[in-house]
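Note that the coordinates shown come from a computational prediction; the quantities given were computed from them, not determined experimentally. Just follow the structure's listing: the first ligand is 1, and inside any ligand the first atom is 1. For the single chain, residues carry numbers from 1 onward in sequence order.
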Amino acid sequence: MADIAPSAGLPRHVAIIMDGNGRWAKQRLLPRTAGHAAGINVVRRVVRYCADKGVEVLTLFAFSSENWRRPADEVSVLMDLFVEALARETRQMHEQGIRLRIIGDTEAFDGRLRRRIAESEALTAGNTGMTLMVAGNYGGRRDVVRAAQRVAEAVQRGELAPADIDERLIEANLSTANMPEPDLFIRTGGERRISNFLLWQLAYTELYFTETLWPDFDESQLELAFQDFASRERRFGCTGEQIQAGSAVGR
Ligand code: IPE
Ligand code: IPE
Ligand code: MG
């Protein structure tokens with residue numbers, strides 16, 4: 001449900017495309033993978049900052065379903081870093097009350113990473129603080145296709161008719177089911193595109209783009225994004241006058 005208020009305030013759900021690691025490394029004449037390693041430190045800081053601020057859900061795009069197209073050695077380093085980061089950071093996140101969830105097609109990952117994911121999710125499953133969703137081997141189109149398949153199966157079982165299919169039902173079958181929609185989308189690294197991230201979910205999200213490369217991103221830059229978000233007027237199809245008068249009708 002969209003929350004309609006004149007001022008956007010603090011985003012409940014922040015979704016970030018962490019981009020620019022490769023260019024950061026290239027600027028320093030380092031291999032691209034050095035940029036990915038540097039990016040992990042920023043993840044830790046951003047997670048902590050969002051949790052402290054009271055953000056309910058933070059979704060980080062770590063690996064897209066298209067990133068398999070990269071050179072095999074880069075993909076392999078990314079997988080190793082994913083395993084190491086989970087091994088190193090889970091306990092601390094657990095202590096901060098963070099619930100970790102990985103969204104995306106994790107079946108494609110090797111056994112070692114799948115086990116780590118299962119362990120980290122199980123350890124933090126009962127936490128009631130911020131939910132950290134890490135999108136790994138995630139594609140927004142695939143997410144919608146999966147939801148459509150699940151709904152089609154329910155129709156086939158005779159549990160519902162095609163006319164019963166509505167937005168709520170699709171939403172309930174997406175990997176982000178039960179989460180509020182993203183309020184604020186941030187992409188670092190200067191590109192102005194969605195790159196198959198949360199396609200359905202971003203329908204009314206406020207978009208924020210920064211030139212800063214991910215390894216250079218920090219709390220002060222995140223605060224700037226939050227301030228920019230707080231100044232936006234979210235209209236959800238209404239007029240600005242309706243929003244200011246508080247007479248807007250929720251979805
Ligand atoms: C984002 O940084 C990290 C992943 C996609 C895994 P990039 O590796 O895309 O960095 P650039 O865009 O090449 O600088
Ligand atoms: C999106 O970044 C995916 C992640 C940050 C994980 P990319 O760097 O892969 O996006 P494109 O290829 O520039 O669109
Ligand atoms: Mg990139």
Between N173 and L169, which heavy-atom pair has the shortest distance, and what is it? ND2-O, 2.8 Å

Atoms in ligand 2 flagged as close to F63, the criterion being non-hydrogen separation under 4.0 Å: 6 (C)

Pick one of side chain, backbone, both or neither for how A62 approaches ligand 1, counting any non-hydrogen atom pair under 4.0 Å. backbone

Using only atom types and a distance under 3.5 Å, with no angle test, would you say the side chain of R101 pairs donor to acceptor with the backbone of S175? yes

Quick one: look up the protein heavy atom nearest atom 4 (C) of ligand 1 and list residue, atom name and how far away it is. R70 NH1, 4.0 Å

Among non-hydrogen protein atoms, atom 2 (O) of ligand 2 lies closest to R187 NH2, 3.6 Å

Provide the number and element of each atom of ligand 1 under 4.0 Å from a heavy atom of R23. 11 (P), 12 (O), 14 (O)

Determine the interplanar angle of the Y138 and F197 rings, folded into 0 to 90°, and report it as parallel if under 30°, tilted if 30 to 60°, perpendicular if over 60°. perpendicular

In short, E167 meets W200 closest at the heavy-atom pair O-CZ2, 3.8 Å

Atom of F61, atom of M18 and distance for their closest heavy-atom approach: O-CE, 3.2 Å

Once you restrict to heavy atoms under 4.0 Å, what part of F197 touches ligand 2? Side chain, backbone, both or neither. neither

Yes or no, since that's all I need: does a protein heavy atom fall within a distance strictly under 4.0 Å of atom 8 (O) of ligand 2? yes

Of the side chain and backbone of L213, name the one, both, or neither that has a heavy atom under 4.0 Å from an atom of ligand 1. neither

Do any heavy atoms of K26 fall under 4.0 Å from ligand 1? no

Protein contact to atom 1 (C) of ligand 2 [nearest heavy atom, distance to 0.1 Å]: I17 CG2, 3.9 Å

Can you report which non-hydrogen protein atom sits closest to atom 13 (O) of ligand 2, along with the distance? R193 NH2, 2.8 Å

Provide the closest heavy-atom pair for F82 versus G136 in the form atom of the first, atom of the second, distance. CE1-CA, 4.4 Å

Kindly indicate, with the supporting measurements, whether the criterion side chain to side chain contact (heavy atoms under 4.5 Å, CB included) is fulfilled by L86 and L113. CA-CA 9 Å; L86 286 173; L113 180 50; 4.0 Å; yes

E191 near ligand 1, heavy-atom distance under 4.0 Å? no

Are E211 and R192 ion-paired here, with the side-chain N under 4.0 Å from a carboxylate O? yes

Has G20 got any heavy atom lying under 4.0 angstrom from an atom of ligand 1? yes

Please answer whether the main-chain N or O of G129 pairs with a side-chain N or O of N127 as donor and acceptor at a distance below 3.5 Å. no

Nearest protein heavy atom with distance in Å, relative to atom 14 (O) of ligand 2: S195 OG, 2.6 Å

D19 versus ligand 2: do any nitrogen or oxygen atoms come within less than 3.5 Å of each other? yes

Angle between ring planes, Y49 versus F226, binned at 30° and 60°: parallel, tilted or perpendicular? tilted

Within the 4.0 Å heavy-atom shell around M18, which atoms of ligand 1 are there? 1 (C), 2 (O), 3 (C)

Report yes or no: does R99 contribute a side-chain atom to a donor-acceptor pair with the main-chain N or O of G97 at less than 3.5 Å? no

R32, any N or O under 3.5 Å of ligand 1 N or O: yes

E119 and R116 ion-paired at < 4.0 Å: yes

Could you find the nearest protein heavy atom to atom 10 (O) of ligand 1 and give me its residue, atom name and distance? G22 N, 2.9 Å

What are the protein N/O/S atoms, named by residue and atom, that sit under 2.8 Å from the Mg ion (ligand 3)? D19 OD1

For N137 against R142, the heavy-atom pair lying closest together: ND2-NH1, 3.9 Å

I'd like to know if K53 pairs up with E223 as an ion pair, taking the criterion as any Lys NZ or Arg NE/NH1/NH2 lying under 4.0 Å from an Asp or Glu carboxylate oxygen. yes

Applying a strict 4.0 Å limit to heavy atoms, is R69 in contact with ligand 2? no

Apply side-chain hydrogen bond (donor to acceptor under 3.5 Å, both in side chains) to residues S76 and D73 and explain how you reach the verdict. CA-CA 5 Å; S76 155; D73 54 350; over 6 Å; no

